[in-house]
Asker: 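Please find one structure pasted underneath; my questions will follow.
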Amino acid sequence: MYSTLQRLNHISSLATTYVMILLGLISIASFLSLPSVDVGKVEIKDLIVQKGRLRRWGARQEELASLKFDIRTDLNPLLNSYNTKQLFIYLTASYEEQSTGHTHDVVLWDRIIQRAEIRDIRAEAKNKYQWRNPSGTFKNVEYANMTLHYSLMPYVGILSSGVAATAQGPVTIPELIKR
């Protein structure tokens, strides 16, 4: 009738088809049942603007901002899902430059949380990345909005993202510290 290789090929293609259908159903089910997250809070402890140089050859001196912040948020609903592989969280500062009217979104801090790690985020940290304005000065920037975003990476399915925490209001950018 059929050879052994033909039978093996038929069984493997049938198994592959069923596995793909199962993964598609898991993807659809996890997308439809995304949990909601209670928005936590970001508290800015200290924000300083001072002159400095970036760590690259030939960099001119410009204004750099550094900050210390405190994050309180609960990400249990996101990490309790059976389809969650890891969670990428990042703090952004959104501000508008008054002279040009350009809006900037800058990532200041990030962290990857594996499924087995802590679920309550209580971080007291400082910015991981240099915060500089493209114009070289913060004179034309009055305030910035701080927001903690998340990106949920599932084992199977579509990536999803949202807001995990926000600052209570706009954070005012202080004057340059002269030394």
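Keep in mind that what you see is a predicted model, and the values were worked out from it rather than measured. Throughout, residue positions are numbered sequentially from 1 according to the sequence presented.
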Asker: If the plane angle is over 60° it's perpendicular, under 30° parallel, otherwise tilted; pick one for W131 and Y95.
Answerer: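 Because their plane-to-plane angle lies in the 30° to 60° range, the rings of W131 and Y95 count as tilted.
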Asker: For residues H104 and V141, determine if any side-chain heavy atom of one lies less than 4.5 Å from a side-chain heavy atom of the other.
Answerer: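 Heavy-atom side-chain distance check fails, nothing below 4.5 Å.
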Asker: Check whether Q61 reaches the backbone of K51 with its side chain - one donor and one acceptor, N or O, closer than 3.5 Å.
Answerer: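 Here the side-chain-to-backbone pair does not exist.
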Asker: Would you indicate whether the side-chain heavy atoms of I44 and F69 approach each other to under 4.5 Å?
Answerer: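 Yes - at least one pair of side-chain heavy atoms lies under 4.5 Å apart.
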Asker: How about K45: does its NZ atom have over 12 heavy atoms from other parts shown lying under 6.0 Å from it?
Answerer: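 Above 12, so yes.
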Asker: Quick one: CG on N127 to CG on L64, what's the gap to the nearest 0.5 Å?
Answerer: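 Separation between the atoms: 9.5 Å.
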Asker: State whether the side chain of T92 and the backbone N or O of D105 hold a donor-acceptor pair below 3.5 Å, judged by distance alone.
Answerer: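 No.
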Asker: Is L47 close to P174 at the side-chain level, that is, under 4.5 Å between some pair of heavy atoms?
Answerer: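 They are in side-chain contact.
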Asker: Mind listing the closest non-hydrogen atom pair of K85 and Q114 along with its distance?
Answerer: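 Smallest heavy-atom distance, with atoms named: O-OE1, 4.0 Å.
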Asker: Same hydrophobic cluster for V171 and V163, using side-chain heavy-atom links shorter than 4.5 Å among ILVMFWY?
Answerer: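 Each belongs to a different hydrophobic cluster.
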Asker: Would you say the side chain of D38 lies within less than 4.5 Å of the side chain of D74, judging by non-hydrogen atoms?
Answerer: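 Side-chain contact under 4.5 Å: no.
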Asker: Return yes if a side-chain donor-acceptor contact under 3.5 Å exists between S161 and H149, otherwise no.
Answerer: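 S161 vs H149: no donor-acceptor pair found between side chains.
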Asker: Check the hydrophobic clustering (I, L, V, M, F, W, Y; side-chain heavy atoms under 4.5 Å; chains of links allowed) and say if Y143 and V49 are grouped together.
Answerer: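 Different clusters.
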Asker: Excluding sequence neighbours, so at least two apart, what forms salt bridge (Lys or Arg N to Asp or Glu O under 4.0 Å) with K68?
Answerer: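 Listed in chain order: nothing, the list is empty.
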Asker: Is the closest side-chain heavy-atom distance between F31 and P154 below 4.5 Å?
Answerer: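 Answer no - side chains too far apart.
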Asker: Quick check for you: to the nearest 0.5 Å, what is the distance between I113 atom CD1 and L152 atom CG?
Answerer: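 Between atom CD1 of I113 and atom CG of L152 there are 11.0 Å.
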Asker: With hydrophobic residues grouped by side-chain heavy-atom distances under 4.5 Å, do I28 and Y155 end up in a single group?
Answerer: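 No, I28 does not connect to Y155 through the hydrophobic network.
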Asker: Please report the shortest heavy-atom distance between V42 and M146, naming the atom on each side.
Answerer: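 Smallest interatomic distance, heavy atoms only, reads CG1-CB, 4.5 Å.
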Asker: Side-chain heavy atoms nearer than 4.5 Å, only ILVMFWY residues, links allowed to pass through others: does that put F88 and V156 together?
Answerer: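 The answer is no; the residues belong to distinct hydrophobic clusters.
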Asker: How many angstroms lie between atom CD of E142 and atom CD1 of I173, to the nearest 0.5 angstrom?
Answerer: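 Answer rounded to 0.5 Å: 10.0 Å.
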Asker: Taking the side chain as every heavy atom from C-beta outward, state whether V106 and Y129 have any pair of such atoms under 4.5 Å apart.
Answerer: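 No; the side chains remain at least 4.5 Å from each other.
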Asker: Evaluate the side-chain proximity of Y150 to T73: yes if any heavy-atom separation is below 4.5 Å, no if none is.
Answerer: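 Side-chain contact under 4.5 Å: no.
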Asker: Taking the side chain as C-beta and beyond, is there a heavy-atom pair between V37 and L78 under 4.5 Å?
Answerer: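 Yes, close enough: below the 4.5 Å cut-off.
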Asker: Distance from E96 atom CD to N145 atom CG, nearest 0.5 Å?
Answerer: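 Rounded to the nearest 0.5 Å, the CD-CG separation comes out at 10.5 Å.
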Asker: Calculate, to the nearest 0.5 Å, the distance between atoms NE2 and CG belonging to H102 and N133 respectively.
Answerer: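 H102 NE2 to N133 CG: 11.0 Å, rounded to 0.5 Å.
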Asker: Verify, without hydrogens or angle tests, whether N140 (side chain) and Q98 (backbone) share a donor-acceptor contact under 3.5 angstrom.
Answerer: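 Here the side-chain-to-backbone pair does not exist.
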Asker: What's the spacing between L91 CG and L67 CG if we round to 0.5 Å?
Answerer: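 These two atoms lie 7.0 Å from each other.
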Asker: Write down the atom of A93, the atom of A144, and the distance for their closest heavy-atom approach.
Answerer: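 Residues A93 and A144, closest heavy atoms: CB-CB, 4.5 Å.
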Asker: Tell me which donor-acceptor pairs under 3.5 Å the side chains of residues 10-19 have, and how far apart each pair is, sequence neighbours excluded?
Answerer:
| residue | atom | partner | partner atom | Å |
| --- | --- | --- | --- | --- |
| S12 | OG | L8 | O | 3.2 |
| S12 | OG | N9 | O | 3.0 |
| S13 | OG | N9 | O | 3.2 |
| S13 | OG | H10 | O | 3.0 |
| T16 | OG1 | S12 | O | 2.7 |
| T17 | OG1 | S13 | O | 2.8 |

Asker: Say whether I26 and M153 are linked into one hydrophobic cluster, either directly or through other cluster members, by side-chain heavy-atom distances under 4.5 angstrom.
Answerer: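 No; tracing contacts between hydrophobic side chains, which count when under 4.5 Å, never links both residues.
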Asker: Got a sec, which pairs hit salt bridge (Lys or Arg N to Asp or Glu O under 4.0 Å) with one end in residues 126-141, sequence neighbours left out?
Answerer: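 For residues 126-141: E62-R132, D110-K128.
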